[in-house]
**Q** 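What follows is a structure written as structure tokens; I'll ask about it next.
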Amino acid sequence: MNWQSGFNALETTFAPTLERWYEHHKRDLPWRHTRDPYCIWLSEIILQQTRVAQGKPYYERFINAYPTVADMARAEERDLLRLWQGLGYYSRARNLHQTARYVTHELSGKFPDNFRDLLKMKGIGVYTAAAIASFAFGERVPVVDGNVYRVLARVFGIDEDITTTTAKKTFARLADQLIQAAGDPATFNQAIMEFGAIQCTPLSPDCLLCPLQQQCNAYLTGRQQRLPVKARKAAVRERFFNYLVFKSGDKIALRERTARDVWQNLYDFCLLETDEVQASWRELTLPEPLVALVAEGKLVGSPVQTVQLLSHQRIRAVFYTIELPLQSIVPLPVGLDWYTIEEAGQLPKPVLVTNYLEKWFG
DNA sequence: AAAACGGGGAC
DNA sequence: GTCCCAGTTTT
């Protein structure tokens, strides 16, 4: 099928067909009741690489805490991270905060109203700029997200590897061509994504009830499972985290993660990372600042082991709880500070740490 | 161009 | 286990 050469019937019927499908199948979602760019922006950042079902409660939470961009600009980054806790990709929350302050203080509280200027904001890439530009301002610019890749690859039978730059250009060009035949660009963009999420799903698309069945290249050639083509990801990195959980009275020692690493600006315990699993805490080689501290404490209970799987690394963590005398004369090493359990609850933490605290200190 | 960046849900 | 989710930034 040569979809690249000029206009054909499918290219003109595609958008209207999806828009019609959308009117009957669209879900009732909170961010679909507004054209306020702040609400649209917030919803789009939350939904990056995140399922609607997972993101929706976070959207409600954020809108409730920060009804306007000025409210968000007034908040501390730490509080945004705390609200974001559990959603992952925490740079989204940090960029959210940065952009809220920029819009409030440099742009008089008004979001950029077009694709090109939206693209300049931190955390807003090509997809999100197109989403906000079309949903909030009606600009005729196509969104190309995971749903769109899947729908277009199948309907138009495109077998390019969607992780490559050339393929991204191919899909963007096609989407741009298709949105020209749409009635309302915002509705078309919503429709194609909703269609991908509900009808043209990754594993078992509902081809029997599909309005594009007889036009769909993948259906007609039996390639629904083969499209889109996507290169396999590299194997995940194995990491071994040995956490020393210092405890004294009703306080525990935490530190903020500041390195260019996973969970930046979140809080965890004193961490000794090793390049293989350690049989016991005796095998850990303690850095100088910790020697005296550990010598003064005693290990309580048995080590707690857990595994946290991220998209790009598998973290095997062991927690050693070390009880220190109430009036320890040895100061905590730089970075570590004492927090009550209540204070710790208010700090943003990786799920790994939150789970541990809930189970053993909750 | 490739890697880094979370966590959860569906199969 | 595998795949993928309304992607962006850094290397």
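Keep in mind it's a predicted model, so treat the numbers as computed, not measured. Convention: sequence-line order gives letters A, B, ...; per-chain numbering from 1.
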**Q** By nearest nucleotide on DNA chain B, pick out whichever of Arg92(A) and Thr166(A) is the more 5' one.
**A**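 Going by which nucleotide is closer to the 5' end, it is Thr166(A).
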**Q** Quote, to the nearest angstrom, the P distance that separates dA4(B) from dA6(C).
**A**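 Comparing P positions in dA4(B) and dA6(C) gives a spacing of 24 Å.
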**Q** Closest approach to the side chain of Leu47(A), judged atom by atom: which nucleotide of dC5(B), dG6(B), dA6(C) is it?
**A**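 Within the option list, the nearest is dA6(C).
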**Q** For Asp113(A), check salt bridge (charged side-chain N to carboxylate O under 4.0 Å, His left out) against everything at least two apart and list the hits.
**A**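 Salt bridge (charged side-chain N to carboxylate O under 4.0 Å, His left out) check on Asp113(A) returns nothing, list empty.
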**Q** Is it the case that Gln264(A) and Thr258(A) place a side-chain donor and acceptor less than 3.5 Å from each other?
**A**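 No - no donor-acceptor pair under 3.5 Å links their side chains.
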**Q** DNA chain C: Arg27(A) or Leu309(A), which has the more 5' nearest nucleotide?
**A**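 Looking at DNA chain C, the more 5' nearest nucleotide goes with Leu309(A).
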**Q** Distance check: side-chain N/O of Thr128(A) vs OP1/OP2 of dA6(C), anything under 4.0 Å?
**A**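 Answer no for this pair, as no side-chain N or O of Thr128(A) is under 4.0 Å from OP1 or OP2.
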**Q** What nucleotide, of dC5(C), dT9(C), dG6(B), holds the atom closest to the side chain of His312(A)?
**A**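 In terms of side-chain proximity for His312(A), the closest of dC5(C), dT9(C), dG6(B) is dG6(B).
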**Q** If you only use heavy atoms from C-beta on, which nucleotide in dC5(C), dC5(B), dT11(C) is closest to the side chain of Arg260(A)?
**A**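 The answer is dT11(C).
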**Q** Under 4.0 angstrom, heavy atoms only, what part of the nucleic acid is Ser311(A) near: base, sugar-phosphate, or nothing?
**A**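 Since a base atom lies under 4.0 Å of Ser311(A), the category is base.
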**Q** Measuring from the side chain of Leu203(A) (C-beta onward, heavy atoms only), which nucleotide among dG6(B), dC11(B), dG8(B) has the closest atom?
**A**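 From the listed options, dC11(B) comes nearest.
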**Q** Whole-Å distance between dA6(C) C1' and Phe188(A) CZ?
**A**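 Computing the Phe188(A):CZ to dA6(C):C1' distance gives 14 Å.
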**Q** If you compare every side-chain N and O of Trp84(A) against the phosphate oxygens of dG7(B) (OP1, OP2), does one of them come in below 4.0 Å?
**A**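 The answer is no; no side-chain N or O of Trp84(A) sits under 4.0 Å from OP1 or OP2.
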**Q** Which nucleotide in the set dG7(C), dG7(B), dA1(B) lies at the smallest distance from any side-chain heavy atom of Gln49(A)?
**A**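 Looking only at side-chain atoms, Gln49(A) lies closest to dG7(C).
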**Q** When you get a sec, tell me which of dT2(C), dT8(C), dC5(B) is the closest nucleotide to the side chain of Tyr127(A)?
**A**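 My answer, after comparing the listed nucleotides, is dT8(C).
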**Q** Can you check whether Trp31(A) and Tyr59(A) have ring centres sitting under 6.0 Å from each other?
**A**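 Yes; Tyr59(A) has its ring centre under 6.0 Å from that of Trp31(A).
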**Q** Checking contacts here: which listed nucleotide (dA6(C), dG6(B), dC4(C)) is nearest the side-chain heavy atoms of Pro202(A)?
**A**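 Looking only at heavy atoms from C-beta outward on Pro202(A), the closest nucleotide is dC4(C).
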**Q** Of Leu266(A) and Thr163(A), whose nearest nucleotide on DNA chain B comes first from the 5' end?
**A**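 Residue closer to the 5' terminus by nearest nucleotide: Thr163(A).
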**Q** Are OP1 or OP2 of dT9(C) and a side-chain N or O of Arg94(A) less than 4.0 angstrom apart?
**A**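 Result: no.
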**Q** Using a heavy-atom cut-off of 4.0 Å across all strands, would you classify Val126(A) as base, sugar-phosphate, or nothing?
**A**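 Result for Val126(A) = sugar-phosphate.
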**Q** Test side chain to side chain donor-acceptor pair (under 3.5 Å) on Tyr58(A) and Ser43(A) and set out the steps.
**A** CA-CA 9 Å; Tyr58(A) 283 85; Ser43(A) 72; over 6 Å; no
**Q** Leu29(A) side chain: which of dG7(B), dC5(C), dA6(C) is closest?
**A**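 The listed nucleotide nearest to Leu29(A)'s side chain is dA6(C).
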**Q** Which part of the nucleic acid, if any, lies within contact of Ile124(A), taking any heavy atom under 4.0 Å across all strands shown: a base, the sugar-phosphate backbone alone, or nothing?
**A**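 Counting heavy atoms under 4.0 Å across all strands, the contact made by Ile124(A) is with sugar-phosphate only.
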**Q** Heavy-atom nearest nucleotide on DNA chain C for Phe135(A) versus Gly123(A): which residue maps closer to 5'?
**A**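 The residue whose closest nucleotide sits nearer the 5' end is Phe135(A).
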**Q** Starting the side chain at C-beta, find the nucleotide from dT8(C), dG6(B), dG7(B) nearest to Val351(A).
**A**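 Selected nucleotide: dG7(B).
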**Q** Verify the contact: side-chain N or O of Gln313(A) to OP1 or OP2 of dC5(B), cut-off strictly under 4.0 Å; return yes or no.
**A**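 The answer is yes; a side-chain N or O of Gln313(A) sits under 4.0 Å from OP1 or OP2.
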**Q** Side-chain N or O of Thr50(A) versus OP1/OP2 of dC5(C): is the shortest distance under 4.0 Å?
**A**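 For dC5(C), neither OP1 nor OP2 has a side-chain N or O of Thr50(A) closer than 4.0 Å.
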**Q** From the list dG7(B), dC5(B), dA6(C), which nucleotide is the closest neighbour of the side chain of Tyr89(A)?
**A**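 Nearest to the side-chain atoms of Tyr89(A), counting from C-beta on, is dC5(B).
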**Q** Is Arg51(A) side chain donor-acceptor paired with the dC4(C) base, going by distance under 3.5 Å alone?
**A**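 Per atom types, the contact qualifies.
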**Q** Using a 4.0 Å heavy-atom cut-off across all strands, classify Asp261(A) as base, sugar-phosphate, or nothing.
**A**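 Sugar-phosphate contact only.
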**Q** Classify Gly125(A) by what it touches in the nucleic acid, base, sugar-phosphate, or nothing, heavy-atom distance under 4.0 Å.
**A**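 Gly125(A): backbone/sugar contact only, no base atoms under 4.0 Å.
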**Q** Do Phe14(A) and Phe156(A) have their ring centres less than 6.0 Å from each other?
**A**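 Aromatic pair counts; centres sit under 6.0 Å.
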**Q** When rounded to the nearest 0.5 angstrom, what distance separates CD in Gln85(A) from CD in Gln346(A)?
**A**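 One finds 9.5 Å between CD of Gln85(A) and CD of Gln346(A).
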